[in-house]
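Bear in mind that the values here come from a model prediction, so they are computed numbers and not experimental data.
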Amino acid sequence: MGEFTSTIETRLDQAYKGLEEARSSGDAFLADALTAEIEDLRRLADDHGIPIQR
């Protein structure tokens, strides 16, 4: 696994955890921001042929 792939996966893990926390605490703004970040990271991964498990 390359450094780029590892970075994408790490950032996705952090974003998903943050999203879960934001939803639990009722922070809709943060949840929306993290959802957008997740979409961007998933698109970036797809553009580079990185398989994402989630």
Completion exercise
Looking only at heavy atoms, the pair that brings Ile52 and Leu12 closest together is CD1-CD1, 3.6 Å
Exercise for the section: Kindly say whether Ala31 contributes a backbone atom to a donor-acceptor pair with the side chain of Thr35 at under 3.5 angstrom? Expected result: yes
Fill in the blank from the handout: In this structure, CG of Leu19 is separated from CG of Asp32 (nearest 0.5 Å) by 9.0 Å
Handout entry: Test item: Leu44 and Asp40 side chains (from C-beta on) under 4.5 Å apart, heavy atoms
Key = no
Exercise for the section: Mind checking the CZ-CD spacing from Arg42 to Glu37? Nearest 0.5 Å is all I need. Expected result: 13.0 Å
Practice task
Determine, step by step, whether Glu9 and Gln53 satisfy the side chain to side chain contact (heavy atoms under 4.5 Å, CB included) criterion, reporting the C-alpha distance in whole Å, the side-chain angles of both residues, the deciding distance to 0.1 Å, and the verdict.
Solution key: CA-CA 9 Å; Glu9 290 176 347; Gln53 298 300 322; over 6 Å; no
Problem - Minimum heavy-atom distance between Ile38 and Ala15, given as atom pair plus value - result: CG1-CB, 3.5 Å
Handout entry: Spatial distance of atom CD1 (Ile50) from atom OG1 (Thr7) [nearest 0.5 Å]
Key = 9.0 Å
Exercise for the section: Flag the pair Asp46 and Arg43 as a salt bridge only when some basic side-chain nitrogen lies within less than 4.0 angstrom of an acidic carboxylate oxygen. Expected result: no
